[in-house]
Amino acid sequence: IQSKIEAKKQAFPKNRLIEHLANCATEYQCPCAQNYFMGRWEAPLPVSGDCNARCVGCISLQDDKPDLKSSHNRISFTPSIDEIVQVAVPHLQHAPEAVVSFGQGCEGEPLLQTLLISEAIEKIRKETKRGTIHINTNGTLPRRLKVLRAAGLDSARISLNSVRDKYYEKYYRVKGGKEGVLGNLKESVKMLKESGAFVSINYLMTPGLTDELEEFEALCKFVEETGVDLIQWKNLNIDPIYYFEQIEFEPTGNNLGVAVLLDKIKERFPNMKYGYFNPSLDPNAKSISA
């Protein structure tokens, strides 16, 4: 991979985003950053150093807990449109199952850079129609997502740890968020689905909470109301005792077990997809393009 990194740097010597991704690929072993240099699958486009949430388990910033250190550093600059396009266009043009995605572990909330992203998407699509343009987001700013959808965004993955208001709000701690902020997230999913976009939820799960009967019922209601296409079941990598303390978890004792939960969701929603990665939606981008 090192030779491929050097080749990209030589091709775009002034591109700070490529330099940033090179560090992600080597220092942090980021699979998406490695994909970019290997010319395959999903490539990352981090753009935002700021965030509108203060997630308990944030992996790029823990500024309110001096005894905790984030696992890696957040992007320290805002890429230009040209820097974004230089990364995105060749990847979309040539990579198999090509996806480029805004919203990475090394940044904050990409929707805080809506104008930059929308202009970048428009410029990317002027150069290539191939591949999928995607965003990973907390989904709490539906009007901004609507702007990106209008610009040409193809898909979105929206993260949440619970579909119950209390546990969601205690974990995400959205800045300026009032009670019911989970409703903004639902509005985002509904808007995207109504406009024809593909929507996943990044469901950060912890046994004990995620497999409670009450959570299952709330998840079923969420799926029925929004029409989400895919659930990416992700382990929330956090000490469960600390996590439960932070969200003030009150267990009911009505637990299904994770395996039963997965089966019951499939029984209730036979067309629901399960997965771990953001899919390439373009049938013409399944193989390597010369």
Side-chain angles (χ1 to χ4, degrees), residues 15-21 24-25 28 30-36 41-53 55 58-61 72 74-92 95 97-128 130-160 185 188-189 191-192 195 197-202 230 232 277-282 285:
N15 191 308
R16 296 169 299 164
L17 184 55
I18 291 175
E19 187 71 36
H20 175 84
L21 295 179
C24 293
Y28 302 126
C30 170
C32 280
Q34 292 176 346
N35 286 344
Y36 167 63
W41 314 327
E42 181 180 354
L45 298 172
V47 296
S48 179
D50 297 321
C51 194
N52 68 331
C55 298
C58 181
I59 61 175
S60 66
L61 187 65
H72 54 274
R74 188 173 286 184
I75 192 168
S76 60
F77 63 94
T78 302
S80 68
I81 292 174
D82 286 343
E83 286 173 318
I84 296 168
V85 170
Q86 285 171 0
V87 171
V89 169
H91 189 81
L92 290 174
E97 300 184 56
V99 180
V100 293
S101 58
F102 299 95
Q104 301 297 318
C106 60
E107 66 176 311
E109 172 51 49
L111 290 179
L112 299 186
Q113 290 289 347
T114 296
L115 180 59
L116 173 69
I117 294 174
S118 64
E119 291 179 356
I121 291 174
E122 290 172 354
K123 192 166 184 178
I124 289 167
R125 283 311 188 204
K126 286 179 181 178
E127 297 197 35
T128 182
R130 188 178 185 270
T132 300
I133 300 179
H134 173 86
I135 191 168
N136 303 304
T137 171
N138 63 33
T140 58
L141 300 168
R143 286 183 292 181
R144 296 189 179 214
L145 261 177
K146 190 172 184 178
V147 170
L148 298 187
R149 177 61 180 152
L153 183 74
D154 298 304
S155 63
R157 187 188 73 186
I158 296 178
S159 294
L160 68 168
L185 187 154
S188 291
V189 180
M191 177 277 298
L192 289 166
S195 69
F198 185 95
V199 184
S200 309
I201 57 170
N202 192 40
L230 181 150
Q232 296 188 24
F277 301 104
N278 298 314
S280 174
L281 305 175
D282 182 1

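Values below: all heavy atoms of this structure, side chains included; hydrogens, waters and symmetry mates excluded. Note that the structure is predicted; figures quoted are calculated from it, not measured.
- Other residues, nucleotides and ligands contribute more than 12 heavy atoms inside 6.0 Å of the OH atom of Tyr28.
- Ile135 has its side chain within reach of Leu111: a pair of non-hydrogen atoms, C-beta onward, lies under 4.5 Å apart.
- Looking at every heavy atom in both residues, Ile124 comes nearest to Ala88 through CD1-CB, 3.5 Å.
- Checking Ser80 against Asp82 by side-chain atom types alone, no donor-acceptor pair falls below 3.5 Å.
- Proximity of Tyr36 to Ile18: side-chain heavy atoms (C-beta onward) are separated by under 4.5 Å at one or more points.
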request  = Would you check, one step at a time, whether the test side-chain contact (heavy atoms from CB on, under 4.5 Å) holds for Leu116 with Ile81?
outcome  = CA-CA 7 Å; Leu116 173 69; Ile81 292 174; 3.6 Å; yes

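- The structure places CG of Leu112 at 6.5 Å from SG of Cys51, a figure rounded to the nearest 0.5 Å.
- Distance alone, capped at 3.5 Å, is enough to place a donor-acceptor pair between the Gln34 side chain and the Ala25 backbone.
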query = When you look at Leu192 and Phe198, which way does the side-chain contact (heavy atoms from CB on, under 4.5 Å) test go after all the steps?
reply = CA-CA 7 Å; Leu192 289 166; Phe198 185 95; over 6 Å; no

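- At least one side-chain heavy atom of Cys106 sits less than 4.5 Å from a side-chain heavy atom of His20.
- The structure places CD of Gln232 at 5.0 Å from CZ of Arg157, a figure rounded to the nearest 0.5 Å.
- Separation of atoms CD (Glu83) and CG (Leu17) is listed at 6.5 Å; rounding is to 0.5 Å.
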request  = Run the numbers on Asp50 and Gln113 for side chain to side chain donor-acceptor pair (under 3.5 Å), then give the verdict.
outcome  = CA-CA 9 Å; Asp50 297 321; Gln113 290 289 347; 5.5 Å; no

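- Asn138 places none of its side-chain heavy atoms less than 4.5 Å from the side chain of Leu185.
- A donor-acceptor contact closer than 3.5 angstrom is absent between the side chains of Glu109 and Ser48.
- A donor-acceptor pair under 3.5 Å is absent between the side-chain atoms of Arg16 and the main chain of Phe77, judged by distance alone.
- A pairwise comparison of heavy atoms in Ser159 and Asn202 identifies OG-ND2, 2.9 Å as the closest pair.
- A donor-acceptor contact under 3.5 angstrom links the side chains of Asn15 and Gln86, judged on distance only.
- Of all non-hydrogen atoms in Gly139 and Leu145, the two that sit nearest each other are CA-CD1, 4.3 Å.
- There is a side-chain donor-acceptor pair under 3.5 Å between Thr140 and Asn52.
- With hydrogens and angles disregarded, no donor-acceptor distance shorter than 3.5 Å links the side chain of Asn35 to the backbone of Trp41.
- Considering only heavy atoms from C-beta on, Asn136 comes within 4.5 Å of Gln104 through its side chain.
- Rounded to the nearest 0.5 Å, atoms CG (Asn278) and OG1 (Thr132) are 9.5 Å apart.
- Between Ala98 and Arg130, the shortest heavy-atom contact is CB-NH1, 3.8 Å.
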Derivation and outcome, side-chain contact (heavy atoms from CB on, under 4.5 Å), residues Val99 and Phe277 = CA-CA 11 Å; Val99 180; Phe277 301 104; over 6 Å; no

message = Evaluate Leu153 against Val147 for side-chain contact (heavy atoms from CB on, under 4.5 Å), listing each step before the verdict.
response = CA-CA 9 Å; Leu153 183 74; Val147 170; over 6 Å; no

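- Here the SG atom belonging to Cys32 is positioned 10.0 Å from the CG atom belonging to Leu21, to the nearest 0.5 angstrom.
- Side chain of Glu107 to backbone of Gly103: a donor-acceptor contact under 3.5 angstrom is found.
- Under the 4.5 Å side-chain criterion, counting only non-hydrogen atoms from C-beta, Ile133 is not in contact with Leu45.
- Here the side chains of Ile201 and Leu230 are not in contact, with every heavy-atom distance at 4.5 Å or above.
- Here the CZ atom belonging to Arg144 is positioned 9.5 Å from the CG atom belonging to Leu115, to the nearest 0.5 angstrom.
- Residues Leu281 and Ser155 have side chains in contact (heavy-atom distance under 4.5 Å, counting atoms from C-beta outward).
- Remark: Asp154 engages Arg125 in a salt bridge, criterion side-chain N to carboxylate O under 4.0 Å.
- Here the shortest heavy-atom pairing between Ser101 and Glu42 reads OG-OE2, 2.5 Å.
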